[in-house]
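Below is one structure, written out as structure tokens; comments come after it.
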Amino acid sequence: MSELTVFNTLTRKLEKFEPVKPDRVRMYVCGPTVYGDSHLGHAKSYISFDLVNRWLKVSGFNPLYVQNITDVGHLVGDAEEGEDKIQKLSKETASEPMAIAEGFTRSYFEDMDRLNILRPHISPRATGHIPEQIEMIQNLIAKGIAYESNGSVYFDVKKFPGYGKLSGRKTDELLEGVRVEIHEDKKNPLDFALWKKAEPNHLMRWNSPWGVGFPGWHIECSAMSMKYLGESFDIHGGGLENQFPHHECEIAQSEAATGKPFVKYWLHNNMVTVNGEKMGKSKGNFILVKDLVKTYDPMVIRFLVLSSHYRSPIDFSAEGLTSAQNGYERLMNVVGPILKFETAGRNELTLPAIRNWFMEFSEAMNDDFNSPRALAVLFNVVKALNTNPEYLVDPAVREELPVFFKLTAGEVLGLLPETRSGKSFEKELETAMNLILELRTGFRQEKNWAKSDLIRDRLTAGGLLIEDGKEGSRWKIKTNS
RNA sequence: GGCGACGUACCCAAGUGGCUAAGGGAGAAGUCUGCAAAACUUUCAUUCGGCGGUUCGAAUCCGCCCGUCGCCUCCA
């Protein structure tokens, strides 16, 4: 069995994965800012880290997965002076800011559930951890690394020599950047806010040792990750675009506060484009998960995301989605019926051929979560089974194959939601469909094509496909209905 | 301007020094079949953006050039 290797942004190398503490792997992933419905960017990012979480679990690393919910809106427009995003919506819709944040938080979980993303073990809210953030800021001030200025608190970047080590930037180069603006409260233009003074009209506000205000953008992730995972933990994940400044600032404030290494492995997923263009508000090409699942099975979206590596960008187009849909159907045409086989209580892989397939699958996953390769292994299995149908006659094979697919396609890749693997009303539906097919077979034997086709057409229209084969007819649920 | 990623068939996408360059989609021909669908078989890159170099040997390493994208500002 191969060992897990991961690409660490900090070293820009593939590294052997060794947990900080042997008992379990601790992982933090930057969660959404809940001021809108989830889009495809969220889908890719959270499917990617769901895959990481699932593979860690299956390979026995016992992951503890924390993902924040950012419900302090942060700012719209220019970094320091803009309006809080949630505040903006609150004014427009005359609702409580917290009600808006709560609404989008629920919407986020709904969307992620549909994509069969396992919920993180802890989903801490930024607004629920204001005392922790204040405490951390006080600590930084006490150490002389942060300073108060006019009711706000800033991190003194010059006091942290490692600033820039994640994103490969040097502070003097950053200063030459065209867009760094001079800010009168800051000692240095690169200094970033830990705490912001609230203007009188600012809705989300808390008392602090420095007056009424609200936390800076980066501090919540440091405070909450360390609260639940400890001062040094294994994995920190997030989107590539957060490398700088967000993650860079997290490292600075955390390591300055504790004097210990913050995170061992930094994992970053690549971005989503739509028809070749970056998805962005300015382009007006945001695709929401809620809209896409009206047309496509959520598993098709998941399949598409998994068919490219998490560190590669992915382009969403109608053509790509159709291609993914056909591929997913091909996989399910074989896997679906096998899942119905009786496993007779079997839960281990013992047969050499199946063990070998699982080994190939594991090697792909251990290679920095290479899901496209893992999927290719499954397709090779599908091909092998289709080419050698006699293999499926063996009772041991029939018992063990469902175990194999539930583990690989199900537990690891998350492509088999409960409704497909035997929960809900599947048993009852099965009984009814078997009866219908039995009657229809009678019509077919009488060569009553009119009636047999009527049955098939009506079922097809209702989303149930009938396929007539040599060994009788079978049915399945349409992926795209 | 600075930093970084990438360029593999019609489309998507693995492979990063050495057996015949995975896999999916689309296309083509055939088998099966009341029709349809599915499945199966065969076919589909002498070649990996271009040009040089290193090497017995490179898609894989090095250099230059061309092109695409991202970050540097809120963003998954």
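So you know, we letter chains A, B, ... as the sequences are listed, proteins then strands, and number each from 1. None of the values given here were measured: they were computed from a predicted structure.
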| request: Apply the test side-chain hydrogen bond (donor to acceptor under 3.5 Å, both in side chains) to residues Thr5(A) and Asp368(A): give CA-CA distance (whole Å), side-chain angles for both, the deciding distance (0.1 Å), then the verdict. | output: CA-CA 5 Å; Thr5(A) 50; Asp368(A) 197 27; over 6 Å; no
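- Among the atoms of the strands shown, none is found under 4.0 Å from any heavy atom of Leu40(A).
- Between rA76(B) and Ser48(A), no contact under 4.0 Å exists linking OP1 or OP2 to a side-chain N or O.
- In this structure, NZ of Lys476(A) is placed 10 Å from C1' of rA39(B), rounded to the nearest angstrom.
- Residues satisfying the side chain to side chain donor-acceptor pair (under 3.5 Å) test with Ser167(A), not counting sequence neighbours, are Arg169(A), Glu248(A).
- Judged by closest nucleotide on RNA chain B, Leu465(A) is the one of Gly41(A) and Leu465(A) placed further toward the 5' end.
- Nearest nucleotide to the side chain of Asn269(A), out of rA76(B), rA37(B), rC72(B): rA76(B).
- On the C1' atoms, rU47(B) is 26 Å away from rU41(B), given to the nearest whole Å.
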| request: Take Arg119(A) and Asp113(A), measure what salt bridge (charged side-chain N to carboxylate O under 4.0 Å, His left out) needs, and give me the verdict at the end. | output: CA-CA 8 Å; Arg119(A) 293 203 181 186; Asp113(A) 287 349; 2.6 Å; yes
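- With C1' as the reference atom, rC44(B) and rC32(B) are 23 Å apart, rounded to whole Å.
- Atom pair Phe443(A):CZ and rA36(B):P shows a separation of 22 Å (rounding to whole Å applied).
- Residues meeting the ring-ring contact (aromatic ring centres under 6.0 Å, His included) test with Phe7(A), sequence neighbours left out: none.
- rA14(B) and rG23(B) are spaced 7 Å apart, taking the C1' atom of each and rounding to whole Å.
- No N or O donor and acceptor, one from the side chain of Asp315(A) and one from the base of rC12(B), sit under 3.5 Å apart.
- Not counting sequence neighbours, the partners of Asp50(A) by the side chain to side chain donor-acceptor pair (under 3.5 Å) test are Arg54(A), Arg302(A).
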| Under 4.0 Å protein heavy-atom contacts per nucleotide of nucleotides 14-26 of chain B, with B for base, S for backbone only and - for none | SS------BSBSS
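- Taking the P atoms as reference points, rC11(B) lies 15 Å from rG27(B), given to the whole Å.
- One can place CG of Asn270(A) at 9 Å from P of rC6(B), the figure rounded to the nearest angstrom.
- Rounded to whole Å, atom C1' of rC6(B) lies 13 Å from atom CZ of Phe7(A).
- A straight line from CG of Leu321(A) to P of rC12(B) spans 14 Å, rounded to a whole angstrom.
- Every side-chain contact (heavy atoms from CB on, under 4.5 Å) that Leu4(A) has, sequence neighbours left out, goes to Val6(A), Phe17(A), Trp55(A), Leu56(A), Phe61(A), Asn366(A), Phe369(A).
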| message | Could you walk me through whether Glu110(A) and Arg106(A) satisfy the salt bridge (charged side-chain N to carboxylate O under 4.0 Å, His left out) test, starting with their C-alpha distance in whole Å, then the side-chain angles of each, then the deciding distance to 0.1 Å, before giving a yes or no? | response | CA-CA 6 Å; Glu110(A) 259 171 46; Arg106(A) 290 177 194 175; over 6 Å; no
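- Within 4.0 Å of Val272(A), counting heavy atoms only, lies at least one base atom of the nucleic acid.
- Of the C1' atoms belonging to rA21(B) and rU46(B), the separation is 11 Å, rounded to the nearest Å.
- At a threshold of 4.5 Å between non-hydrogen side-chain atoms, the residues Val66(A) and Pro120(A) do not count as touching.
- For the P atom pair drawn from rC71(B) and rG18(B), the interatomic distance equals 35 Å after rounding to whole Å.
- Partners of Arg440(A) according to the side chain to side chain donor-acceptor pair (under 3.5 Å) rule, which considers only residues two or more places apart in sequence or in another chain, are Asp468(A).
- Among the heavy atoms of the strands lying under 4.0 Å from Asn242(A) are primed sugar atoms or P, OP1, OP2 only; no base atom is included.
- The side chain of Asn386(A) approaches rA39(B) more closely than any other nucleotide in the set rA76(B), rG2(B), rA39(B).
- Here the P atom of nucleotide rG2(B) and the CD atom of Glu248(A) are 20 Å apart, to the nearest Å.
- Using a cut-off of 4.0 Å between Lys/Arg side-chain N and Asp/Glu carboxylate O, Asp453(A) and Arg456(A) are scored as salt-bridged.
- With C1' as the reference atom, rG17(B) and rU60(B) are 6 Å apart, rounded to whole Å.
- Taking a pair as Watson-Crick or G-U with both hydrogen-bonding distances under 3.5 Å, the stems of three or more pairs touching RNA chain B are B:1-7 with B:66-72, B:10-12 with B:23-25, B:27-31 with B:39-43, B:49-53 with B:61-65.
- For Tyr46(A), the ring-ring contact (aromatic ring centres under 6.0 Å, His included) partners two or more places apart in sequence, or in a different chain, are Tyr108(A).
- Arg456(A) comes within 4.0 angstrom of a nucleotide base, judged by non-hydrogen atoms across all strands.
- Side-chain contact check for Leu51(A) versus Ser371(A): some heavy-atom pair is nearer than 4.5 Å.
- One interatomic measurement links the two molecules: NZ of Lys165(A) to C1' of rC3(B), which rounds to 18 Å at whole-angstrom precision.
- A heavy atom lying under 4.0 Å from RNA chain B marks the following residues of residues 446-453 of chain A, by number: Trp449(A), Ser452(A), Asp453(A).
- Applying the ring-ring contact (aromatic ring centres under 6.0 Å, His included) rule to His236(A) yields the partners Tyr28(A), His247(A), Trp266(A); only residues at least two apart in sequence or on another chain are considered.
- Taking atom P on both nucleotides, rA9(B) is separated from rG49(B) by 8 Å, rounded to a whole Å.
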Are there any protein N/O atoms within less than 3.5 Å of an N/O atom in nucleotides 58-63 of chain B, and if so, which ones and at what distance?
none

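- Taking the centre and axis of the six-membered ring of Trp357(A), the NZ or CZ atom of Lys383(A) falls outside the cone set by 45° and 6.0 Å.
- The CG atom of Asn333(A) sits 18 Å away from the P atom of rA36(B) (whole-angstrom rounding).
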| message | Between Lys290(A) and Ser107(A), does the side-chain hydrogen bond (donor to acceptor under 3.5 Å, both in side chains) criterion hold? Intermediate values first, please. | response | CA-CA 9 Å; Lys290(A) 281 190 180 12; Ser107(A) 159; 3.1 Å; yes
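- Partners of Phe262(A) under the ring-ring contact (aromatic ring centres under 6.0 Å, His included) rule, at least two apart in sequence or in another chain, are Phe233(A).
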